[in-house]
Every structure is written in C-alpha cells, then in structure tokens.
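This chain uses plain numbering: 1 for the first residue, then up along the sequence. Both counts, for ligands and for their atoms, begin at 1 and track the order of listing. Computation of the quantities below employed the complete heavy-atom set of this structure, encompassing side-chain atoms and omitting hydrogens, waters and symmetry-equivalent molecules.
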Amino acid sequence: MAKLWAGRNDGAVSKIADDFNSSVKFDKRLYRQDITGSMAHAAMLGGQGIISAEEADVICQGLQGILDDLENGSLKIDETAEDIHTFVEQTLTARIGEAGKKLHTARSRNDQVALDLRMYVRDDIAEITSKLKLVISAVVQKAEEYKEAIMPGYTHLQRAQPVTFGHYLCAYAMMFLRDTDRLKDCRKRVNISPIGCCALSGTTYNTDRYAEAKSLGFDKIALNSLDGVSDRDFCVEYLSALSLIMTHLSRFSEEIILWSSWEFKFIELSDGFTTGSSIMPQKKNPDMAELVRGKTGRVYGDLTATLTMLKGLPLAYNKDMQEDKESLFDASDTVKMCLDVFAPMISEMKANTANMRKAAEKGFINATDLADYLVKKGMPFRTAYKITGQIVAECIKCDKTLESLTIEEYNKFGSLFAEDLFDEISLETCVNKRISEGGTSVRSVEKQIAYIKESLKNV
Ligand code: ARG
C-alpha cells in the first residue's frame with residue numbers, strides 16, 4: 001500500500017525497513033475503534049463547517065461500508081499497509097474518491113492512535129471485569145459450600161491457627177473484588193479524549209474537541225496537546241491492574257497446586273481441568289493452575305516493557321510508542337485466557353474436608369487458644385504464652401497433643417487449668433469463637449460472603 005506521507009519523500013522505503021516499521025499485523029485489531037473514531041471526526045468536521053455536511057455524510061457512509069465489509073469478511077486488511085489508520089483511510093478514498101482525502105483534516109495519526117487505543121482499553125476493561133465477576137461468583141459459591149470446613153491456616157507455611165476453607169476462599173474473592181475496583185478507577189484516566197491534539201500542538205481549524213469527545217462517550221478531553229499525544233500512563237496503569245490480577249491468580253494457583261499434591265490432598269481438581277502423564281499412569285497434573293502461574297511472568301514483562309519504553313522519551317510522539325500495543329494486547333489476551341479457565345476450574349474443584357481437618361489436628365494449631373484460656377482466667381498474655389510454649393515442648397517430647405494431655409499433667413504447669421480447657425481448645429471452638437469482624441467463624445464468613453455478593457451487584 002502507498003504511504004500516507006509520500007510527498008517530500010517518495011515513500012519508497014526499503015522492503016526490510018517497511019516490514020520493520022509496519023504495525024498493521026498487530027494494530028489491525030483496532031479497526032473498529034479506528035473507524036468509529038473517524039466517523040466522529042468527520043461528523044465534527046461537518047458540524048463545524050470545516051468540510052461540508054454532504055462530505056461528512058459520504059465519509060461516514062463509506063466508513064460504515066468498510067466496517068460492515070470487514071465484519072462480514074468480504075474486505076480483508078492489507079498487511080502491507082503501514083498501519084490500520086493508513087489502511088482505513090486509503091480504502092475509504094479508493095471507495096468514495098475526493099471526500100475521503102478530507103477525513104484527515106485537523107487530526108494526525110498521533111492523536112488518532114492515542115484515541116483508538118483508549119477506546120480499545122475502555123472496551124477491554126468492561127470485558128475483563130465481566131470475566132472477573134465470573135471468577136468471583138465461582139469462588140464465593142465454593143466459600144459458601146465450605147464455610148464450615150476446618151483446615152490449618154498457615155504463616156511461613158507452618159501450621160498457625162485453624163481457619164475454614166470458606167474463609168480462605170473469601171480472601172481471594174476480596175482480592176478479585178479490589179481488582180474490579182482498580183479497573184473502574186483506571187477507567188477514569190483512560191476515558192479522556194486526546195483527539196484534536198493533532199500532531200502535537202493543536203490546530204488552526206475551528207474544531208470542537210468537546211463535541212467530538214462527547215459523541216465517542218469520553219468524560220473529558222486532554223487539556224494539553226503535547227501531553228495528549230504522548231500520554232501512555234493509561235497503558236501502564238491498565239497493565240499494572242492486569243499484573244495484579246495475575247498476582248492474585250498466581251498465588252491462588254500456587255496453593256491449588258500444593259494442595260492437590262499427595263502431601264496435602266486438601267483438594268481435588270476435576271478431570272476436565274487436569275492432565276495425565278505420558279509415562280506415569282497415576283498422575284493427575286494441575287497444568288491449568290501451573291500455566292496461570294507461569295503466564296504471570298509474561299504479563300509482568302508486558303508492564304516492564306511499557307514502562308521501560310516510555311522512560312526516556314522526549315515529548316511528543318516518538319515511534320517507540322508503537323511498541324505499546326503488542327504489550328497491551330498480549331497482557332489482555334493472557335489475562336482473559338486465565339480468567340476463562342479459572343472460573344470453571346474453581347467451580348468443579350472439590351475439597352477433601354476430612355484431610356483438611358486431620359491436618360488441622362496436628363501442629364499445635366490451638367496453642368494460641370490455650371494461651372488465651374489462661375489469659376481469660378487472669379494471667380497476663382506474655383506469661384500465658386511462655387507456659388503454653390513449655391507445654392507444647394513437653395508434648396513434642398512425649399509425642400502427645402494439647403488435647404491428649406490429662407488435667408494432672410496440665411497442673412504441673414500451673415493451677416489455672418480445669419476440665420473446661422478441652423472445650424476451649426477444640427478446633428470448633430477455635431474457629432467459631434473468632435467472631436471478630438473479618439474473622440474465621442462461620443458467622444463472620446457468612447458476613448463476608450454477603451458483602452462479596454452485594455459488592456458484585458455494583459461491579
Ligand atoms: N502506527 C503508529 C503507532 O502505533 C501510528 C502513529 C504514527 N505516527 C507517526 N507520526 N508516525 O504509534
């Protein structure tokens with residue numbers, strides 16, 4: 001395809017440079033945004049009398065025809081074009097003649113590409129948000145199913161205090177809820193129109209940037225034209241939000257992988273979301289969770305690539321910025337794939353509640369509650385902590401648990417122990433007395449579930 005800029009220069013770039021320079025292979029996915037943006041631009045030009053109303057109509061009809069033909073497959077994007085903007089404009093002029101040559105009045109590809117990308121990210125935020133909602137719904141449904149299932153809670157991957165599986169699952173639902181909130185917040189800074197900033201300094205035409213922005217659903221316009229064409233903060237913010245989604249998915253995946261192992265056997269993934277081994281017949285591998293964990297690195301890479309691309313750029317547009325798109329598209333595609341696989345994987349996952357409970361019975365997981373028992377009888381916490389530590393050491397020496405020591409044995413460590421201690425240190429008590437807001441008791445977890453469900457309605 002011919003160059004839009006053939007003039008001073010004949011546009012005869014060497015083939016190797018041309019291929020290197022062209023972005024159409026990846027920016028073709030912006031065709032819808034590019035055409036919609038151009039329609040709004042033509043309408044604004046017509047409305048302001050910069051081109052005639054008839055010309056604006058012919059341009060808009062021509063653009064609509066291109067959009068229809070691309071969607072029904074009768075028009076193919078020419079991959080020798082320099083970029084999607086070139087392809088659309090040249091196809092338009094080939095179809096409607098002279099009027100097509102007026103579309104690029106009072107704009108530049110610099111503001112055009114920034115506009116297209118912002119519109120793309122805006123649509124993408126909606127798509128990722130709805131996929132996140134499906135994951136949250138799947139997680140919260142599991143939390144409800146397992147709100148009473150006692151398991152060990154860990155710190156340093158050492159058994160710490162008992163929690164319920166429902167409580168644990170709600171923790172991830174909270175993270176994903178924050179992710180939806182972050183996307184909503186990011187959208188505020190995405191939804192600012194750069195169109196009309198033109199190449200870098202604005203224009204001498206009597207344009208109406210506000211009307212054009214409004215017709216495209218933007219809340220605001222960029223108020224400095226140099227900034228408007230150079231700002232890719234919105235890409236960085238979006239990639240950061242996507243990276244955090246991957247962080248959450250990856251931490252969850254890590255635990256799914258660990259807990260499906262024979263060493264834990266807390267959960268079992270369905271056959272539909274595991275694979276076998278070509279040599280070891282007994283294997284059931286959590287490949288999907290491993291891939292999600294693995295793909296997290298590439299999304300971080302996309303964020304790092306974009307930050308690094310931007311850090312040394314002088315104002316205003318530089319061709320380096322063409323690199324923003326592949327990183328953004330790759331991150332978005334990756335997150336969508338991961339969310340798509342995650343929701344049904346969680347829905348079909350089963351917990352082995354007996355194993356969870358058995359694990360919670362070991363490791364002196366109720367030691368804090370024994371110390372609290374003494375505190376409630378009047379002992380200062382630090383003293384109670386020390387005595388409980390001595391009791392645990394004694395249990396380890398004679399291979400006993402806190403439940404299996406007799407009262408006589410307890411009495412060797414002090415006079416405050418009585419029969420009621422056994423009830424105080426039972427796993428059920430440990431869990432269900434933790435009624436503090438956000439705690440692990442069934443009542444607290446039910447409140448968390450209700451909060452998550454309510455919040456989902458406003459996402
Ligand atoms: N393909 C270019 C990009 O993605 C479009 C903007 C081109 N502008 C320019 N002055 N060469 O960044």
Using a strict cut-off of 4.0 Å, indicate which atoms of ligand 1 neighbour a heavy atom of [X].
| X | value |
| --- | --- |
| Asn110 | 8 (N), 9 (C), 10 (N) |
| Lys325 | 3 (C), 4 (O), 12 (O) |
| Ser23 | 1 (N) |
| Asp83 | 1 (N), 2 (C), 5 (C) |
| Gln322 | 1 (N), 2 (C), 3 (C), 4 (O), 12 (O) |

Is it true that the side chains of [X] and [Y] contain a donor and an acceptor less than 3.5 Å apart?
| X | Y | value |
| --- | --- | --- |
| Asp124 | Ser332 | yes |
| Asp116 | Gln112 | no |
| Asp78 | Gln90 | no |
| Glu55 | Ser52 | yes |

Next on the checklist: Set out, in order, the CA-CA distance, both residues' side-chain angles and the distance that settles side chain to side chain contact (heavy atoms under 4.5 Å, CB included) for Phe342 and Phe252, then state yes or no.
Outcome noted: CA-CA 10 Å; Phe342 227 83; Phe252 204 169; 3.5 Å; yes
Checklist entry - When only distance counts, is Lys319 in polar contact with ligand 1, meaning an N/O pair under 3.5 Å? => result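 N/O-N/O distance under 3.5 Å: no.
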Item to check | His85 N/O to ligand 1 N/O under 3.5 Å | outcome: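 Such a contact does not occur with ligand 1.
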Checklist entry - For ligand 1, does Gln112 get within less than 4.0 Å through its side chain, its backbone, both, or neither, judged by non-hydrogen atoms? => result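 It is neither; nothing of Gln112 touches ligand 1.
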Checklist entry - Tell me, which protein residue and heavy-atom name are nearest atom 12 (O) of ligand 1, and how many Å apart are they? => result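 Scanning the protein heavy atoms, the shortest distance from atom 12 (O) of ligand 1 goes to Tyr317 OH, 2.4 Å.
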Item to check | Distance from atom 11 (N) of ligand 1 to nearest protein heavy atom, with residue and atom | outcome: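 Answer, as residue, atom name and distance: Arg109 NH2, 3.7 Å.
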Item to check | Distance flag, aromatic centroids of Phe165 and Phe266, threshold under 6.0 Å | outcome: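 No - the distance between ring centres of Phe266 and Phe165 does not fall below the 6.0 Å cut-off.
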Next on the checklist: So that I can tick it off, tell me whether Asp233 and Arg189 are bridged by a salt bridge, with the cut-off set at under 4.0 angstrom between side-chain N and carboxylate O.
Outcome noted: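 No salt bridge links Arg189 with Asp233.
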